[in-house]
There are 4 protein chains.
Amino acid sequence: MSRRPANASGVDDRLLAEATRLFARQGFDRTSVQEVVEAAGVTKGAMYHYFGSKDDLLHEIYGRVLRDQTARLEKFAAGEAPAPQRLRDAAADVVVTTIENLDDFKIFTQSMHHLSAAKQRAVRAERRKYHERFRSLVEEGQRDGDFRADVPADLVVDYFFGSVHHLGVWYRRNGRLTPAQIADHYADLLLTSLKEIP
Amino acid sequence: MSRRPANASGVDDRLLAEATRLFARQGFDRTSVQEVVEAAGVTKGAMYHYFGSKDDLLHEIYGRVLRDQTARLEKFAAGEAPAPQRLRDAAADVVVTTIENLDDFKIFTQSMHHLSAAKQRAVRAERRKYHERFRSLVEEGQRDGDFRADVPADLVVDYFFGSVHHLGVWYRRNGRLTPAQIADHYADLLLTSLKEIP
Amino acid sequence: MSRRPANASGVDDRLLAEATRLFARQGFDRTSVQEVVEAAGVTKGAMYHYFGSKDDLLHEIYGRVLRDQTARLEKFAAGEAPAPQRLRDAAADVVVTTIENLDDFKIFTQSMHHLSAAKQRAVRAERRKYHERFRSLVEEGQRDGDFRADVPADLVVDYFFGSVHHLGVWYRRNGRLTPAQIADHYADLLLTSLKEIP
Amino acid sequence: MSRRPANASGVDDRLLAEATRLFARQGFDRTSVQEVVEAAGVTKGAMYHYFGSKDDLLHEIYGRVLRDQTARLEKFAAGEAPAPQRLRDAAADVVVTTIENLDDFKIFTQSMHHLSAAKQRAVRAERRKYHERFRSLVEEGQRDGDFRADVPADLVVDYFFGSVHHLGVWYRRNGRLTPAQIADHYADLLLTSLKEIP
DNA sequence: TATGAATGAGGTTTCATTCAT
DNA sequence: TATGAATGAAACCTCATTCAT
């Protein structure tokens, strides 16, 4: 997926890290390549050596986030526990990791439209796969009779991930609740809303 | 709040409408003032006669959305029915109106960071008032014993409005579900997740 | 010289006064017509009713200054006293009136190049007449043997008026010396420098 | 003091030279960046690579002039001759060099107010140092009894430099007097006006 | 592998002036 | 006599990208 040459010095990682930070804080368009390279302590030439364009930088950030997220979900979804337990764990985990990497997710919601149409398609396809894996957990619970079946599973997933993305808007580092507590509440709200009505 | 001169010809309304459409589709930064004024059929000078800056245009869009949304919520919240009923109605309504004005809300989530710090504060203050009104409905239900009290009301509100904002990402005009059906499901998920556990 | 219609309300005087003040403080180009009319409490339409253009406003300011200055000089030059006395009085007077109307003179030195070539010629011609009258006083003193004759009279005049114009740069309203004291020193320096070397 | 990168090709020197020429002839505001870069044979981007803004260009011109002038004065003031002689030499020199770089000085008098407040302060501070050095020569002569003491030394300096600045207004390249002759007259007028009255 | 000077297109904004009312 | 909405040209500046070194 990446056109980056291999390297040892970590220049590309530094660039990605600073770009993530700046894009999240100021937005993609409000951040100049100059700012990114200065923050990373390199020159423009170096950046264009590792990345084909500014868009590439963004695309790479997306790629990294998606890869990580997908891997984590797979770990939780593949367990042996009943579907509700696995869903709860996966949901709580995605909340905690989202909070831990809030910058990445702010960029996700704010800067998608800066990608070329082709790259947007690629990102969306990857995201869809992620959502589908999550949805399959919901569907499994519905099939097993653990979850109510009168609500479409994909709508539930969109409903939940809307809440998760929104963390970037309201979460404050020194708020009343810890990430773990928020994660617990979120997972609880999700599970409760799926409870079979007696 | 606005420095716009009063006017009869509706030039400013046309500008706001076209700006909303373009900002939502292309993003604020990817839309030039030139594009906006051409779409509205006026000149740049005219635009700067009505709005102090491109930012002002965005701020005005926000202002209008917030005013409308607040007015609608007030109507629902002020009713006579029990809190759960009023909350359900308000929730379903905000989903329907969000879908009906999806452009406005896409801008909300994507372009906030383009506003000056001062204007961001103003918008956020207005939004907070809206959230607080919504939260008071949740709290009322909790006090009455209709809703579980072990989840913070403000977290519930953020959870729900995250889902609502996310509509801009996944809703498609000719999808499987009608806006009313989506609204129903959303309100249902919200209410169910608040149900007192027996 | 002026295209201004006669008027009773003093709108044009107010415009000239405010324009003078603003042009002196901010420069001609840095001052917008909008600022001038707002300061004068009228609208742009009104301004364009009285003055043909922004340049016209400037030209009018020049005209007024030149007329006043010429009249004052004539009064002093036409006296009966010996040339040195009349020159001293005229020199002291021009210093005092320059300080009293410092804004006018700041504009003179800073904004001449904003006038059209034709108007610049007109202003310069008027100024030349003024200088010539002043010079004639010097020459009279030289002919009478009161002043040294080994220095060109026109150079002396330029030398002196350079000093006078420079007042706009260094004079401060609450400085150590009063306008009258400065005038006295200036006139004294001029007269001394012309003294016949024994 | 300057943010300009070092360079070898002299693009920045060419820009400064052309800017000086154009600003002096047309005024700072009447000269567009486009005109400057065209005259220098580079693009706008190149100009903004070397100078942070149009103002910076002006500031740099000032800086260069002040540095040169200060260095020359120091050379004359530091001599061994009696104060009157050194003052006369310094005065004559400043006249000649002013005429030789008339464009620089026209800009000084016409365009100062275009600088930001901060830069104006910097320039004025530098100028003050120059004036003070000049003034110290006058004071030295007064202390030694060579010059009359009944006229404030700083007023004399302002008086003289007003005349010098004014050269930009009246000096014509093919006038009756050579620069050296003008310089001689100016120095003579200055020295004579300071002569102790017997 | 890295530099940084230079490009050139495009961006937002300002403003003197006009004109229908 | 006066208004103020609208024009349109031109201004300054930014920035992703390239390329000789």
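Just so you know, these numbers come straight off a predicted model, no measurement behind them. Letters A, B, ... are given to chains in the order of the sequence lines, protein chains preceding strands, and every chain is numbered from 1.
- Distance CZ (C:Phe51) to P (E:dA16): 15 Å, rounded to an integer number of Å.
- Under the 30°/60° scheme for interplanar angles, the aromatic rings of A:Phe108 and A:Tyr62 are found to be tilted.
- Between the P atom of F:dA5 and the CE atom of B:Met47 lies a distance of 15 Å, rounded to the nearest Å.
- For B:Thr43, taking side-chain heavy atoms from C-beta onward, the closest of the listed nucleotides F:dC13, F:dT7, E:dA2 is F:dT7.
- The nearest whole Å value for the distance from the CD atom in C:Glu38 to the C1' atom in F:dT3 is 14 Å.
- Toward the 5′ end of DNA chain F lies the nearest nucleotide of D:Ser32, the other residue of the pair D:Ser32 and A:Glu35 mapping further downstream.
- With respect to the salt-bridge test (charged N to carboxylate O, under 4.0 angstrom), the residues D:Asp56 and D:Lys119 qualify.
- Following rounding to the nearest Å, B:Gln34 (CD) and E:dG11 (P) show an atom-to-atom distance of 8 Å.
- Remark: F:dT21 base-pairs with E:dA2; criterion is Watson-Crick or G-U wobble with both hydrogen-bond distances under 3.5 Å.
- Looking only at distances, a side-chain donor or acceptor of D:Lys54 sits under 3.5 Å from a matching main-chain atom of D:Phe28.
- One can find a donor-acceptor pair under 3.5 Å joining the base of F:dT17 and the side-chain atoms of A:Lys44.
- You'll find that the side chain of B:Ala46 is closest to F:dT7, out of E:dA6, F:dT7, F:dC13.
- Listed candidates were F:dT3, F:dG8, F:dT17. Nearest to the side chain of A:Val33 is F:dT17.
- When rounded to the nearest whole Å, the span between CZ of B:Arg30 and P of F:dC15 equals 14 Å.
- A donor-acceptor contact closer than 3.5 angstrom is absent between the side chains of B:His113 and A:Arg30.
- Mapping B:Lys54 and D:Val42 onto DNA chain E via the closest heavy atom, the residue that lands nearer the 5' end is D:Val42.
- Side-chain N/O atoms of D:His49 include none lying less than 4.0 angstrom from OP1 or OP2 on E:dA6.
- Side-chain N or O atoms of D:Glu18 include none that pairs as donor or acceptor with a backbone N or O of D:Val36 at under 3.5 Å.
- When rounded to the nearest whole Å, the span between CG of D:Asp56 and P of F:dT14 equals 11 Å.
- Atom CG of D:Asp12 is separated from atom P of E:dG4 by 16 Å (rounded to the nearest Å).
- For D:Gln26 and F:dA10, the CD to C1' distance is 15 Å, given to the nearest whole Å.
- Taking the nucleotide of DNA chain F with the nearest heavy atom to each of D:Phe28 and D:Gly45, the more 5' of the two is matched to D:Phe28.
- For F:dT14, neither phosphate oxygen OP1 nor OP2 lies less than 4.0 angstrom from any side-chain nitrogen or oxygen of D:Tyr48.
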